[in-house]
Amino acid sequence: MQGKKVYFLSDAHLGAKLLKDNREREIMLVEFLQSIKPDCLELYLLGDMFDFWFEYKHVVPKGHVRFLAELANFTDQGIKVHFFTGNHDIWAFDYLAKECGVILHTSMLETTLNGKSFLIGHGDGLNPNDKGYLFLRNAFHNRFLQRCFRFIHPDWGVALANKWSSHSRLKGNGQIEARGYLGDDKEEIVIYCRNILKEHHVDYFIFGHRHLPLNLELEPNSHYINTGDWITHFSYAIFDGEKVSLEKMNRKK
């Protein structure tokens, strides 16, 4: 990798109506991206970077221009940017790929980086027993229903999405209701990773969604990393070619 690094981050929820510091967090995120650009080989954005994102045929949600411009800046300079859809920005189709040059992922990715095996994704929908959530998730991913949503005027569609988001874990004080670690037998992502390890070895599982920075050793030479969020933790992961570490950016007051 010749001194280059791979960066992972998730869950900025840019544009969330319940959060009062969207502009501040976007600027901070852009400044962070600018700071890592010189040594960044690849950038992985693991979902929910936007609190809502839907691409109509001729319309996308307004705002986020600084962040989108920086993604285009990365790709224009030949830096690969992987954009994973989360449960809030599911409806990304081709705009981000065409305009910003990102590589769009709508499912998990299993890949190898510098000889290390990775399984990367957002992290939602991994509990097969959560039938209600899986039904809703499948509905949101249904192409026919997505086309139907396009018939709703964008003003109404975005208002509906913002109303839906108001029932999420986000709180108006700029925080999020992220429960502490629940234990190996209750953490859905941990259970999922351990089941994968029964089938084959993976060096690093890297997910978001949980809004809780985690670096857990599941078995020798296999780790689960959760990138936390860019709402309260401002955390991210770095792969330097040998190992993955979890870091936090100090928030300016």
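Tested against Asp11, the residues Arg210, His209, His211, His88 include a single side chain to side chain donor-acceptor pair (under 3.5 Å) partner, His211. With Leu119 as reference, Val202 is the one residue of Ile206, Asp203, Val202 to meet the side chain to side chain contact (heavy atoms under 4.5 Å, CB included) rule. Glu26 pairs in a side chain to side chain contact (heavy atoms under 4.5 Å, CB included) with only one of the listed residues (Glu70, Glu31, Arg66), which is Arg66.
No donor-acceptor distance shorter than 3.5 angstrom exists from the side chain of Lys37 to the backbone of Phe32, with no hydrogens or angles considered. With hydrogens and angles disregarded, a donor-acceptor distance shorter than 3.5 Å links the side chain of Glu187 to the backbone of Leu182. When atom types are taken as modelled, the side chain of Ser235 and the backbone of Thr227 share a donor-acceptor pair closer than 3.5 angstrom. For Asp89 (side chain) and Gly86 (main-chain N/O), a donor-acceptor pair under 3.5 Å exists by modelled atom type. Judged by distance alone, the side chain of Asp48 and the main-chain N or O of Asn87 form a donor-acceptor pair under 3.5 Å. Panel note: side chain Asp51, backbone Gly15; no donor-acceptor pair is recorded below 3.5 Å. Formation of a donor-acceptor pair under 3.5 Å by the Trp230 side chain with backbone atoms of Ser10 is not found in this model. Counting only distance, with no hydrogens or angles, the side chain of Asn195 and the backbone of Lys198 share no donor-acceptor pair below 3.5 Å. Counting only distance, with no hydrogens or angles, the side chain of Glu42 and the backbone of His82 share no donor-acceptor pair below 3.5 Å.
If you take CG on Asp229 and CZ on Arg25, they are separated by 8.5 Å, rounding to the nearest 0.5 Å. Interatomic distance, NZ of Lys80 versus CG of Leu43, reported as 13.0 Å (0.5 Å rounding).
Using a 4.5 Å heavy-atom threshold, the side chains of Val6 and Asn114 count as separate. Contact annotation: the side chain of Leu197 approaches that of Ser222 to within less than 4.5 Å [non-hydrogen atoms, C-beta and beyond]. Annotation: side chain of Leu113 is in contact with side chain of Tyr44 (closest heavy-atom distance under 4.5 Å). Considering only heavy atoms from C-beta on, Met108 comes within 4.5 Å of Leu126 through its side chain.
Ile238 and Met28 fall within the same hydrophobic cluster, where Ile, Leu, Val, Met, Phe, Trp and Tyr residues are linked whenever their side-chain heavy atoms come under 4.5 Å apart, directly or through other members. A single hydrophobic cluster is not seen to contain both Ile225 and Leu218; linkage of ILVMFWY side chains at heavy-atom distances under 4.5 Å, directly or through other members, places them apart. By the rule that hydrophobic residues join a cluster once side-chain heavy atoms approach within less than 4.5 Å of another member, Val102 and Ile36 end up as members of one cluster. Following chains of ILVMFWY side-chain contacts shorter than 4.5 Å, one can reach Leu33 starting from Phe234, so the two form part of one hydrophobic cluster. Ile231 and Leu46 fall into different hydrophobic clusters, where Ile, Leu, Val, Met, Phe, Trp and Tyr residues are linked whenever their side-chain heavy atoms come under 4.5 Å apart, directly or through other members.
A donor-acceptor contact closer than 3.5 angstrom is absent between the side chains of Tyr204 and Asn215.
Ring pair Phe93/Tyr95: centre-to-centre distance not below 6.0 Å. The six-membered or imidazole ring of Phe8 lies away from that of Phe239, with a centre-to-centre distance of 6.0 Å or more.
For CD of Glu242, the number of neighbouring non-hydrogen atoms (other residues, nucleotides, ligands) closer than 6.0 Å is 12 at most.
Residue Asn22 comes nearest to Leu19 through the heavy atom pair ND2-O, 3.0 Å, listed as atom of the first residue, atom of the second, then distance. Smallest separation of non-hydrogen atoms from Asp240 and Lys5: CA-CG, 4.3 Å. Scanning all heavy atoms of the two residues, the minimum distance from Lys248 to Pro213 falls at CE-CG, 4.0 Å. Of all heavy-atom pairs between Phe84 and Gly121, the closest is CD2-CA, 4.0 Å.
Aromatic ring orientation, Tyr236 versus Tyr7: tilted (interplanar angle from 30° to 60°).
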